[in-house]
Structures are given as structure tokens and as C-alpha cells.
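Heads up: numbering here begins at 1 and tracks the sequence. Quick caveat: nothing in here was measured; it's all calculated off a predicted structure.
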Amino acid sequence: MLSSIPLPDPGPLILTMQLAAVTTLVLLVLGTPLAWWLAHTRARLKPVVEALTALPLVLPPTVIGFYLLVLMSPRAPLGAFWVSLTDTTLTFSFIGLVIASVFYSLPFMVQPLQAAFEAVGKAPLEAAATLRAGPLDRFFFVAAPLAARGFLTAIVLTFAHTVGEFGVVLMVGGNIPGETRVISIAIYEHVETLRYAEAHVLSAIMLVFSFVVLITVYTLNRRFPLKTV
């Protein structure tokens, strides 16, 4: 009976994991200082930046994908600059998918980190400062360990959300085998061509993956309680 189950093409699975890993790494580098700034600033610009960060949560993915497609097209300044630099287009490429995924998954990295940094508070940082710890030492040896749960949750959620992308990926990357065909696009293509058995296998993989991610997040929340000061 198992032999009758079609094995999925590993290409979309591998590409999806690569996209999620690169996106998570980029967002960890970019999202950490942004979350730190949002957690500590009192600037009037803060609500605007928070709204921009949360925008992907409320906008339909097709809307985000459409504007990113326009922004990265060869006729736009960003797309034209990339063409002049690499002689390739940002749209319908892996790099384009990474840029789109970074924007689309931004709140899933920033918001857990911001909440964790706010929970840490300023008291331990001020105590470290009295011991002559520099800004980087205060962050890496005081704030980051206390916000470990926020980092773990942000990484897991960002990776999982990138894996499940569909609308933005379809608009910006299309469906190019080996280049932009991720697992959600492969499922969509299988359904369109009435290959339900293949769609079943890939969907089951996504279902199990999502369930494991949720169990991981809830387990982390229980084992690493948020440390407030």
C-alpha cells in the first residue's frame, strides 16, 4: 500500500528550507536592532515604525506581492539597479524571494523580540553599566540571555511562516522549477493539474511540520518563562 503513495519531488522541499533558513538569518540580523530600538525608544516616530512592521499581518499577501513585484521590476529604481549590477532581474529569482520573504515575515521576528526586550527592562542594563560594561557587552551578556525565549520564539515563528508563504511567493517568484517553486506553489500546481495524490503528500508534510512548530513554541514558552525585572 505504501508503494502506491507517490514520492514528492524533493526540489520544492529543499528550496523551501533554503528560503526559510536564509530569510530567518537575514531577519535575525536586521530585526534584532529594530526590535531593540522599538523596545526602548520614546520617539514620536515609534507608532509609525510599529505600524509599518505589523503591516504584513493585516494586508492580503497578494497586495504585498503585487507592490513588491512593482518595486523589484526592471523598470523600478531598485530593480533597474539590480539589473545593472548583476545583469539578472530580482523578480522571478531566489534573491527576489528572499527580499519578499524578509518583508512578509518581518513582524514574526520583531514582535516577539520587542516583547522580550521590554520584559527585560532597564534595571539589569543600568546595573551592568555601573560595572563599566559597554553597550555591546550589556546587550550580548545581559539583555540577550535574559531575552532567550524571545529569540527562540522569533526564530521558530519566522522560519515556519516563511515555509508557509504562498501569495507573495507566487506574485514575486512565479513557478520556476529549481528556482522559485517552493512547496506551497508545488501543492497549488498539483491541485490545478488534478494530481491530488502528490498534493496530499506535500500537504501532509506541511501539516505535520506546522503541528511540530506549534508544539515547539508552546514547549519553549513553558520551559523558558519570560524573565521580567
**Q** Between Arg181 and Asn175, what is the shortest heavy-atom contact and its length?
**A**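 For Arg181 and Asn175, the tightest heavy-atom pair comes out as NE-OD1, 2.7 Å.
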
**Q** Between Met72 and Val172, is a side chain to side chain contact (heavy atoms under 4.5 Å, CB included) present by the stated rule, with each step listed?
**A** CA-CA 8 Å; Met72 291 189 283; Val172 174; 3.4 Å; yes

**Q** Of all the heavy-atom pairs spanning Val83 and Pro74, show the shortest one and how long it is.
**A**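 Scanning both residues completely, I find the closest heavy atoms to be CG2-CB, 4.2 Å.
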
**Q** Using the rule that two of Ile, Leu, Val, Met, Phe, Trp, Tyr join whenever any of their side-chain heavy atoms come within less than 4.5 Å, decide whether Ile183 and Ile14 are in one cluster.
**A**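 No, separate clusters.
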
**Q** According to a hydrophobic-cluster definition based on side-chain heavy atoms being under 4.5 Å apart (Ile, Leu, Val, Met, Phe, Trp, Tyr only), do Met109 and Leu106 belong together?
**A**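 Per the 4.5 Å side-chain linkage, Met109 and Leu106 are co-clustered.
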
**Q** Using the rule that two of Ile, Leu, Val, Met, Phe, Trp, Tyr join whenever any of their side-chain heavy atoms come within less than 4.5 Å, decide whether Leu59 and Met171 are in one cluster.
**A**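 Yes, it is one cluster - the side chains of Leu59 and Met171 are joined through contacts under 4.5 Å.
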
**Q** Under 4.5 Å between side-chain heavy atoms, hopping through other hydrophobics if needed: is there a path connecting Phe141 to Val120?
**A**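 Both belong to a single hydrophobic cluster.
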
**Q** Can you see whether Gln114 engages Glu50 through a side-chain donor-acceptor pair at a distance of less than 3.5 angstrom?
**A**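 Indeed, the side chains of Gln114 and Glu50 share at least one donor-acceptor pair under 3.5 Å.
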
**Q** Under the side chain to side chain contact (heavy atoms under 4.5 Å, CB included) criterion, do Thr32 and Phe139 qualify, and how do the steps go?
**A** CA-CA 11 Å; Thr32 299; Phe139 176 78; 3.5 Å; yes

**Q** Could you check if a side-chain atom of Leu194 sits within less than 4.5 angstrom of a side-chain atom of Tyr196, using non-hydrogen atoms only?
**A**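 The answer is yes, as the side chains (C-beta and beyond) meet within the 4.5 Å cut-off.
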
**Q** Output the distance between atom CG (Leu85) and atom CG (Leu90), rounded to the nearest 0.5 Å.
**A**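 Nearest 0.5 Å value for the CG-CG distance: 10.0 Å.
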
**Q** At what distance, to the nearest 0.5 angstrom, does OG1 of Thr23 lie from CD of Gln18?
**A**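 Taking OG1 in Thr23 and CD in Gln18, the distance rounds to 11.0 Å.
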
**Q** List the atom of Ala128, the atom of Val142, and the distance in Å for their closest heavy-atom pair.
**A**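 Nearest heavy atoms, Ala128 then Val142: CB-CG2, 3.9 Å.
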
**Q** Taking side chain as C-beta onward, heavy atoms only, is Phe159 less than 4.5 Å from Phe209?
**A**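 Yes, side chains in contact.
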
**Q** Please find the pair of heavy atoms, one from Pro107 and one from Pro112, that lie closest to each other, and give the distance.
**A**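 In terms of heavy atoms, the two residues are closest at O-CD, 3.7 Å.
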
**Q** If you count the non-hydrogen atoms of other residues, nucleotides and ligands that lie under 6.0 Å from NE2 in His200, is the total more than 12?
**A**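 Counting neighbours around NE2 of His200, 12 or fewer heavy atoms of other residues, nucleotides or ligands fall under 6.0 Å, so no.
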
**Q** Answer with yes or no whether the side chains of Ser105 and Thr162 bring together a donor and an acceptor at under 3.5 Å.
**A**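 Indeed, the side chains of Thr162 and Ser105 share at least one donor-acceptor pair under 3.5 Å.
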
**Q** Given side chains that start at C-beta, do those of Phe117 and Leu146 come closer than 4.5 Å, heavy atoms only?
**A**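 Not touching, per the 4.5 Å side-chain cut-off.
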
**Q** Given side chains that start at C-beta, do those of Ile215 and Thr219 come closer than 4.5 Å, heavy atoms only?
**A**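 SC-SC contact between Ile215 and Thr219 confirmed.
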
**Q** Measure the CG-CG distance between Leu27 and Leu157 for me, rounded to the nearest 0.5 Å.
**A**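 Going from CG on Leu27 over to CG on Leu157, the span is 12.0 Å.
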
**Q** Linking I/L/V/M/F/W/Y whenever their side-chain heavy atoms sit closer than 4.5 Å, directly or via other members, would Leu13 and Val212 fall into one cluster?
**A**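 Hydrophobic grouping puts Leu13 apart from Val212.
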
**Q** Can you name the one residue among Ile99, Thr88, Thr91 that meets side-chain contact (heavy atoms from CB on, under 4.5 Å) with Trp82?
**A**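 Checked Ile99, Thr88, Thr91 against Trp82; only one passes side-chain contact (heavy atoms from CB on, under 4.5 Å): Thr88.
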
**Q** Taking the six-membered ring for Trp, are Tyr104 and His161 parallel (under 30°), tilted (30 to 60°) or perpendicular (over 60°)?
**A**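 Tyr104 vs His161 ring planes: tilted.
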
**Q** Nearest 0.5 angstrom please: Leu125 CG to Thr130 OG1, how far?
**A**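 The OG1 atom of Thr130 is 11.0 Å from CG of Leu125, to the nearest 0.5 Å.
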
**Q** Of the non-hydrogen atoms in Val191 and Ala199, which two are nearest, and what is the gap between them?
**A**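 Looking at all heavy atoms of both residues, the shortest contact is CG2-CB, 3.9 Å.
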
**Q** Please step through side chain to side chain contact (heavy atoms under 4.5 Å, CB included) for the pair Phe103 and Tyr67, ending with a clear verdict.
**A** CA-CA 12 Å; Phe103 178 76; Tyr67 281 116; over 6 Å; no

**Q** Who are the ring pair (Phe, Tyr, Trp, His ring centres under 6.0 Å) partners of Phe92, not counting sequence neighbours?
**A**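 Counting only residues at least two positions away or on another chain, Phe92 forms no ring pair (Phe, Tyr, Trp, His ring centres under 6.0 Å).
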
**Q** What I'd like to find out is whether the side chain of Val98 reaches to under 4.5 Å of the side chain of Ser101, using heavy atoms alone.
**A**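 Counting from C-beta outward, Val98 and Ser101 never come under 4.5 Å.
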
**Q** Take Val169 and Thr180 through the side chain to side chain contact (heavy atoms under 4.5 Å, CB included) test and state the conclusion after the steps.
**A** CA-CA 8 Å; Val169 169; Thr180 61; 5.8 Å; no

**Q** Any idea which heavy atoms bring Ala35 and Leu113 closest together, and the distance?
**A**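 Shortest heavy-atom contact: CB-CB, 3.6 Å.
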
**Q** For the residue pair Ile187 and His190, establish whether any side-chain heavy-atom pair is separated by less than 4.5 Å.
**A**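 Side-chain contact under 4.5 Å: no.
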
**Q** Check whether any side-chain heavy atom of Leu68 sits under 4.5 Å from a side-chain heavy atom of Val168, and report yes or no.
**A**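 Yes, their side chains come closer than 4.5 Å.
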
**Q** Nearest 0.5 Å, what's the CG-CD distance between Leu57 and Gln111?
**A**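 Answer for the CG-CD pair, Leu57 versus Gln111, is 5.5 Å.
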
